[in-house]
> 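Can you keep this structure in mind? I'll have questions shortly.
In what follows, chains are A, B, ... by sequence order, proteins preceding strands, each numbered from 1. Computed from a predicted structure; not experimentally measured.
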Amino acid sequence: MPDLAAPLVEWYRANARDLPWRRAGFGPWGVLVSEFMLQQTPVNRVIPHLEAWLTRWPTPTDLAAAAPADAVRQWANLGYPRRALWLHRAAVEIRDRHDGVVPRDVDALLALTGIGDYTARAVAVFAYGDRHPVVDTNTRRVLARVIDGRSQPGPPSRRDLRAMEAILPVDRTTAAVVNAATMELGATVCTARVPRCEVCPLTDRCAWLAAGRPDTGDERRKQARYEGSDRQARGAVLKALRDAATHAVPLAEVVPDWPDRLQRDRAIDSLIADGLAEAVDGLLRLPV
DNA sequence: AAAGCGTGGAC
DNA sequence: TGTCCAAGCTT
């Protein structure tokens, strides 16, 4: 395999975006919160919410002391509100099991609620500077193209970690830069829709480009239709709860105009099952 | 292990 | 308009 690390590092030094979590001294808690928010939510939408969140809860212990409802409300419209619940839960676990300090060990991180293979290694690498492969959707796309000559990556797999490990340099500081650079290249150059191969630092060693950028098909699952879905109903119910000035809404008055009554009730039940809502005395509210 | 889970922007 | 996409996770 050609050396990918060297051109990636050089490219990153000149082209990395100035993002909050890359500033010196941002801290493990800030990195952890940013990674939660970045799970499936675009960078530009995360930044203002991240800063507000860290101002309100500067440490895990601060968040752990808040009610889950406050976390869900502060999460606002970032999407996938279970992440707010999980982040709150992780903060409690960090307070109770790690003396309020974000753990550095990957297995300890993996044991926290809402943290998987990507987030655990992202924190260990970007917050603590340790040497691990960090693999997100950008990385998987870059490796799929450069190494496998495919236009899109297949479904996530443990093999992805080994593929990334294989291109990491030995030095942990440089390895961290290679991790960040690969993600950054996927986010800004080697993009899903319209790749900008003309400014890519890997053109002379990219299997996909060499093959003439074939469309090899997309093995990923397609997202289900959102309009009219149960997910949309859940979103509407939860927004109503977030916006409720009284913090508790009579069940009959929760999105009363929703076109499908059964679907609305299904949404309420599933939100309760997920711990995102509570029904008390005929009222619905966020979890206290 | 495949499905389910929000939201908004781009085209 | 509909479709795709976005630093994934849990069950």
> Counting the atoms with a prime plus P, OP1 and OP2 as sugar-phosphate, which does A:Arg121 contact under 4.0 Å by heavy atoms, base, sugar-phosphate, or nothing?
nothing
> Name the nucleic acid region contacted by A:Trp75, choosing base, sugar-phosphate or nothing; use a 4.0 angstrom heavy-atom cut-off, strictly under.
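If one applies the 4.0 Å heavy-atom cut-off, A:Trp75 turns out to touch nothing in the nucleic acid.
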> Within the structure shown, what part of the strands sits under 4.0 Å from A:Thr139 by heavy-atom distance: base, sugar-phosphate, or nothing?
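Contact class for A:Thr139: none.
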> Where the side chain of A:Pro81 is defined as all heavy atoms beyond and including C-beta, which of B:dG6, C:dA7, C:dC9 is the nearest nucleotide?
B:dG6
> Please tell me if A:Thr119 has a side-chain N or O lying less than 4.0 Å from either OP1 or OP2 of C:dC9.
yes
> Considering heavy-atom distances to DNA chain C, does A:Arg225 or A:Arg82 have its closest nucleotide positioned more toward the 5' end?
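In this pair, the answer is A:Arg225.
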> Between C:dA6, B:dG6, C:dA7, which nucleotide has the shortest distance from any of its atoms to the side chain of A:Arg220?
C:dA6
> Tell me, please, which residues at least two apart from A:Asp243 pass side chain to side chain donor-acceptor pair (under 3.5 Å).
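Checked A:Asp243 against side chain to side chain donor-acceptor pair (under 3.5 Å); matches are A:Lys239.
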> Rounded to whole Å, please give me the gap between CG in A:Leu110 and C1' in C:dG8.
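That distance rounds to 13 Å.
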> Which part of the nucleic acid, if any, lies within reach of A:Arg22 when heavy atoms closer than 4.0 Å are counted: base, sugar-phosphate only, or nothing?
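Base contact.
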> So if I take every side-chain heavy atom of A:Arg234 and compare against B:dC5, C:dC9, C:dC5, which nucleotide ends up nearest?
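Of the candidates, B:dC5 comes closest.
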> Just how far, in rounded Å, is P of C:dA7 from NE2 of A:His49?
17 Å
> Output side-chain donor-acceptor pairs under 3.5 Å for residues 190-203 of chain A, partner residues at least two apart or in another chain, one line each.
from, atom 1, to, atom 2, distance (Å)
A:Thr191, OG1, A:Val194, O, 3.0
A:Arg196, NH1, A:Thr188, O, 2.9

> What is the distance from CD of A:Gln263 to P of B:dG4, rounded to the nearest Å?
14 Å
> So, using side chain to side chain donor-acceptor pair (under 3.5 Å) as the criterion, who are the partners of A:Glu165 when residues are at least two apart?
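Side chain to side chain donor-acceptor pair (under 3.5 Å) list for A:Glu165, sorted by chain: A:Arg131.
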> What's A:Leu87 touching, base or sugar-phosphate or nothing? Going by heavy atoms closer than 4.0 Å.
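No contact at all - A:Leu87 keeps every heavy atom at 4.0 Å or more from the nucleic acid.
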> Take atom CG of A:Asp218 and atom P of C:dC4, then tell me their distance rounded to the nearest Å.
9 Å
> Can you check the distance between C:dA7 and B:dG4, where both ends of the measurement are the P atom (answer in whole Å)?
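One P to the other, the span is 23 Å.
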> Categorize A:Leu78 for me: base, sugar-phosphate, or nothing, with a 4.0 angstrom heavy-atom threshold over every strand shown.
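Base: the residue A:Leu78, judged by heavy atoms under 4.0 Å, touches a nucleobase.
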> Test of understanding: with side chain to side chain donor-acceptor pair (under 3.5 Å), list the residues that count as partners of A:Arg266, not counting sequence neighbours.
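So A:Arg266 forms a side chain to side chain donor-acceptor pair (under 3.5 Å) with A:Asp230.
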> Show the distances under 3.5 angstrom between N or O atoms of the protein and N or O atoms of nucleotides 8-11 of chain B.
from, atom 1, to, atom 2, distance (Å)
B:dG8, OP1, A:Asn77, ND2, 3.0

> What I'd like to find out is whether the side chain of A:Ile167 reaches to under 4.5 Å of the side chain of A:Val178, using heavy atoms alone.
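Yes, close enough: below the 4.5 Å cut-off.
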> Atom CE of A:Met37 to atom C1' of C:dA7: distance rounded to whole Å?
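About 13 Å, once rounded to whole Å.
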> Which is more 5' along DNA chain C, the nucleotide nearest A:Ala120 or the one nearest A:Gln152? Just name the residue.
A:Gln152
> Looking at side-chain heavy atoms only, is the closest gap between A:Val102 and A:Leu109 below 4.5 Å?
yes
> Is any side-chain N or O of A:Gln40 closer than 4.0 Å to OP1 or OP2 of C:dA6?
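For C:dA6, OP1/OP2 do not have a side-chain N/O of A:Gln40 under 4.0 Å.
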> Hey, does A:Asp117 reach any base, or is it just sugar-phosphate, or nothing, if we go heavy atoms under 4.0 Å?
sugar-phosphate
> Using whole Å, report how far CD of A:Glu219 lies from C1' of C:dC5.
18 Å
> Taking distance alone, no hydrogens or angles, what donor-acceptor pairs closer than 3.5 Å link side-chain atoms of residues 90-98 of chain A to residues at least two apart or in another chain?
from, atom 1, to, atom 2, distance (Å)
A:Glu93, OE1, A:Thr113, N, 2.9
A:Glu93, OE1, A:Thr113, OG1, 3.4
A:Glu93, OE2, A:Thr113, OG1, 2.6
A:Arg97, NH2, A:Ala111, O, 3.3

> Side chain of A:Arg221, heavy atoms from C-beta onward: which of C:dG2, C:dA7, B:dA3 has the nearest atom to it?
B:dA3
> Identify whether any heavy atom of A:Ala122 sits under 4.0 Å from a base atom; if not, whether one sits that close to sugar-phosphate; answer base, sugar-phosphate or nothing.
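Counting heavy atoms under 4.0 Å across all strands, no contact is made by A:Ala122.
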> Which is true for A:Arg17 with a 4.0 Å heavy-atom rule: it touches a base, it touches only sugar-phosphate, or it touches nothing?
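Base, at least one base heavy atom under 4.0 Å.
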> Using a 4.0 Å heavy-atom cut-off across all strands, classify A:Thr137 as base, sugar-phosphate, or nothing.
sugar-phosphate
> Of A:Ala236 and A:Ala224, whose nearest nucleotide on DNA chain B comes first from the 5' end?
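Nearer the 5' end of the strand: A:Ala224.
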> Please report the distance, rounded to the nearest Å, between NZ in A:Lys239 and C1' in B:dT7.
11 Å
> Mark yes or no for a side-chain to base donor-acceptor pair under 3.5 Å between A:Arg231 and B:dG4, with no hydrogen or angle criteria applied.
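Looking at the base of B:dG4, it does not pair with any donor or acceptor on the side chain of A:Arg231 (distance under 3.5 Å).
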> Scan A:Tyr226 against the nucleic acid and name what it touches under 4.0 Å (heavy atoms): base, sugar-phosphate only, or nothing.
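Base, at least one base atom sits under 4.0 Å.
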> Return the value, rounded to whole Å, for the distance between atom CZ of A:Arg83 and atom P of C:dA6.
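After rounding, the reported distance stands at 15 Å.
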> Could you measure the distance from the CG atom of A:Leu284 to the CG atom of A:Leu241? Nearest 0.5 Å is fine.
4.5 Å
> Looking only at side-chain N and O atoms, does A:Asp62 offer a donor or acceptor that is under 3.5 Å from a partner on A:Thr59?
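Judged by distance alone, the side chains do pair up.
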